[in-house]
Amino acid sequence: MRYGLKRATTALVAFGFAGGASAAGLEGAPAPFDKGGVKVALISYISSGDFFQAYQAGAEAQAKALGIDLRVFPGKQNAAEQREQVQQAINLGVQGIVVDHGLPESLGDVVQQAVDAGVKVVAFDVNLNNPAVPQVEQSDHELARLALEQAVKDNGTSFKAGYVYVAGFAPLDRRNEVWDKFKTDNPDVVEKARFGNVSDTTATSTADQAKAAFAANPDISVVFAPYDEFARGVKLAAADLGIAEKLKIYSADVSTADIQEIVEEGSPWVATVATNPAVVGAVSVRAVALKIAGQDVPKQILVKPALLTQEALRQAGVKTIEELAVKVPAFSASDAVTADWIPAKLF
Ligand code: SR1
């Protein structure tokens with residue numbers, strides 16, 4: 001069975017972990033994990049939506065397996081609050097912090113305070129430009145390239161497009177670089193409308209904007225919406241306007257709810273390119289654990305995404321992310337930042 005899968009990684013399927021730590025520590029692990037009681041903070045900018053919930057679940061599972069006391073600071077799309085949370089984490093005496101998204105300008109100095117206080121920091125999808133802070137990312141350039149290659153396969157190189165983008169988020173900015181180059185390389189792809197919103201109601205706000213864009217540009221036939229909440233919004237708008245059959249949506253990310261929206265009869269959501277966010281959460285925690293243990297962590301940690309087309313998902317009869325992981329083990333795997341003392345096995 002093929003999923004239009006272009007990249008494979010191996011080693012971990014992250015829906016649960018065998019073995020793991022007791023309160024007394026992790027046998028065979030380096031200090032301080034051998035004794036237990038390691039405190040780490042997960043500080044998010046966004047917590048709502050399938051991607052971020054699954055990311056958090058993966059981080060929690062990996063933390064549990066390592067005996068880490070993970071303090072989760074929920075994200076409310078509030079830069080001032082996230083900044084305050086970094087300070088709270090330092091005051092709590094955590095040994096590590098994972099910063100998940102956020103605005104670099106509001107985090108740079110507090111993250112430096114954490115580093116100066118000896119706290120190990122890892123960033124996911126936020127460019128903190130700090131040599132002490134490795135960054136986890138989902139190979140966003142490759143992700144966008146795979147989605148746009150599929151768009152060309154389905155639609156050729158001449159079409160009117162809608163594009164969903166909000167500047168200032170590292171993954172969206174990286175995907176945008178690929179979109180810009182794609183338009184330069186394909187001058188008959190015309191971006192007729194650009195819109196987007198990131199908030200606690202991203203999908204519905206994006207739907208409202210998409211409706212206005214479609215009303216003003218009825219010739220749009222392809223939408224590049226490289227965030228699953230964006231794609232849901234565009235799909236919602238298409239359904240409300242009754243134009244789903246003349247539209248094709250290409251996105252990023254996947255969840256069980258997304259799979260159901262993609263495979264349903266008449267869905268315009270024809271492809272997505274995704275990692276398993278639970279694996280990305282686990283990788284982020286492993287990275288900070290390695291740093292706390294004084295072990296080497298690369299500056300850039302990549303989790304490779306896979307192309308998932310509507311056609312392949314339908315053919316395989318996949319309905320949930322768990323089924324996806326079983327049928328395509330490589331989808332849920334990352335061998336990034338592993339060590340033999342880190343438990344990372346399914347069940
Ligand atoms: C607002 S940024 C949204 C993106 O962050 C993660 O990288 C997910 O892939 C999502 O698309």
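What you are looking at is a predicted structure, and each value in this text was computed from that prediction instead of being measured. Residue numbers run from 1 in the order of the sequence given.
- A donor atom on one side chain and an acceptor atom on the other are found under 3.5 Å apart for Asn130 and Gln112.
- In this structure, NZ on Lys304 lies 9.0 Å from CD on Glu137, to the nearest 0.5 angstrom.
- In this model, a donor atom of one side chain and an acceptor atom of the other lie less than 3.5 Å apart for Ser251 and Thr272.
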> Do Leu313 and Leu324 pass the side-chain contact (heavy atoms from CB on, under 4.5 Å) test, and can you show the C-alpha distance, the side-chain angles, and the key distance before you say yes or no?
Replying inline: CA-CA 9 Å; Leu313 289 169; Leu324 190 57; 4.0 Å; yes
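- In this structure a side-chain-to-backbone donor-acceptor pair under 3.5 Å is missing from Lys183 to Asp188.
- Pairing each heavy atom of Ser139 with each of Pro305, the nearest pair is CB-CD, 3.8 Å.
- Remark: Glu84 CD to Ile43 CD1 distance equals 10.5 Å, nearest 0.5 Å.
- With sequence neighbours left out, the side chain to side chain donor-acceptor pair (under 3.5 Å) criterion links Asp219 to Lys192.
- Summarising the geometry of Ser106 relative to Ala79, their closest heavy-atom pair is OG-CB, 3.5 Å, with the distance given to 0.1 Å.
- A heavy-atom distance below 4.5 Å is found between the side chains of Leu146 and Glu149.
- To the nearest 0.5 Å, atoms NZ (Lys76) and CD (Gln85) are separated by 7.0 Å.
- Between Asp125 and Arg174, at least one side-chain N (NZ, or NE/NH1/NH2) sits under 4.0 Å from a carboxylate O, which counts as a salt bridge.
- Looking only at side-chain heavy atoms (C-beta outward), Pro277 and Asp253 stay at 4.5 Å or farther from each other.
- With Asp34 contributing its side chain and Gly25 its backbone, the two residues share no donor-acceptor pair below 3.5 Å.
- By the 4.5 Å heavy-atom criterion applied to side chains, Phe124 and Gln135 are not counted as neighbours.
- Side-chain atoms of Gln95 come within 3.5 Å of backbone atoms of Lys39 as a donor-acceptor pair (strictly under, hydrogens ignored).
- Between Phe169 and Tyr227 there is no side-chain heavy-atom pair separated by less than 4.5 Å.
- Ile243 and Phe230 fall within the same hydrophobic cluster, where Ile, Leu, Val, Met, Phe, Trp and Tyr residues are linked whenever their side-chain heavy atoms come under 4.5 Å apart, directly or through other members.
- Look at Glu177 and Lys181 and you find no salt bridge, because none of the NZ, NE, NH1 or NH2 atoms lies under 4.0 Å from a carboxylate O.
- Counting heavy-atom neighbours within 6.0 Å of Glu311 CD, excluding the residue itself, gives a total of 12 or less.
- Using modelled atom types, no side-chain atom of Ser267 and backbone atom of Val263 make a donor-acceptor pair closer than 3.5 Å.
- When all heavy atoms of Val111 and Val86 are compared, the closest pair comes out as N-CG1, 4.4 Å.
- When all heavy atoms of Ala161 and Trp179 are compared, the pair lying nearest together is CB-CH2, 3.8 Å.
- Within the 3.5 Å criterion, the main-chain N or O of Ile342 finds no donor-acceptor partner in the side chain of Gln62.
- Cluster annotation: Leu42 is connected to Ile301 through the hydrophobic network of ILVMFWY side chains, with a link wherever side-chain heavy atoms come within less than 4.5 Å.
- Between the side chain of Gln310 and the main chain of Pro268, no donor-acceptor pair closer than 3.5 Å is present.
- Taking all atoms of both residues into account, the shortest heavy-atom contact from Val126 to Gly102 is CG2-O, 3.5 Å.
- Follow the hydrophobic side-chain contacts under 4.5 Å out from Phe52 and you reach Val164 in the same cluster.
- Between atom OG of residue Ser48 and atom CD of residue Gln77 there is a gap of 5.0 Å, rounded to the nearest 0.5 Å.
- The main-chain N or O of Leu290 is never found under 3.5 Å from a side-chain atom of Gln295 such that the two would form a donor-acceptor pair.
- In terms of hydrophobic clustering, with Ile, Leu, Val, Met, Phe, Trp and Tyr side chains grouped at heavy-atom distances under 4.5 Å, Leu92 and Val99 are assigned to a common cluster.
- Asn127 contributes atom CG, which lies 11.5 Å from atom CG of Leu103 (distance to the nearest 0.5 angstrom).
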>> Checking Arg232 against Trp269 for the side-chain contact (heavy atoms from CB on, under 4.5 Å) test, could you report, in this order, the C-alpha distance in whole Å, the side-chain angles of both residues, the deciding distance, and whether it holds?
In response: CA-CA 8 Å; Arg232 280 166 192 234; Trp269 192 348; 4.0 Å; yes
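- The closest side-chain heavy-atom distance from Gln56 to Ser44 is not below 4.5 Å.
- In the model, Thr202 has no side-chain atom that pairs as donor or acceptor with a side-chain atom of Thr206 under 3.5 Å.
- Counting heavy atoms from C-beta outward, Trp341 and Leu66 have side chains that approach closer than 4.5 Å.
- Placement of Val280 and Val337 within a single hydrophobic cluster is found when ILVMFWY residues are connected by side-chain heavy-atom separations under 4.5 Å, directly or transitively.
- At a threshold of 4.5 Å between non-hydrogen side-chain atoms, the residues Glu322 and Thr256 count as touching.
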> Given the rule in the side-chain contact (heavy atoms from CB on, under 4.5 Å) test, do Val40 and Val94 qualify, once you have shown the distances and angles that lead to the verdict?
Replying inline: CA-CA 5 Å; Val40 169; Val94 299; 5.7 Å; no
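- Listed for the Arg286 side chain is a donor-acceptor partner under 3.5 Å among the backbone atoms of Ala336.
- Proximity of a side-chain donor or acceptor of Asp258 to a complementary backbone N or O of Ser255 within less than 3.5 Å is detected.
- Note that CG of Asp180 is 4.5 Å distant from CG of Asn176, once rounded to the nearest 0.5 Å.
- At distances below 3.5 Å, at least one donor-acceptor pair connects side-chain atoms of Arg175 with backbone N or O atoms of Pro226.
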> Please walk me through it: do Phe195 and Lys211 pass side-chain contact (heavy atoms from CB on, under 4.5 Å)?
Replying inline: CA-CA 10 Å; Phe195 50 92; Lys211 276 196 225 175; over 6 Å; no
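- The minimum heavy-atom distance linking Ala117 with Ile90 is given by the pair CB-CG2, 4.2 Å.
- With a 4.5 Å cut-off on side-chain heavy atoms, Phe33 and Ile68 count as touching.
- With ring centers used as reference points, Phe224 lies under 6.0 Å from Tyr163.
- Note: Phe51 and Tyr55 have parallel aromatic rings, judged against thresholds of 30 and 60 degrees for the angle between ring planes.
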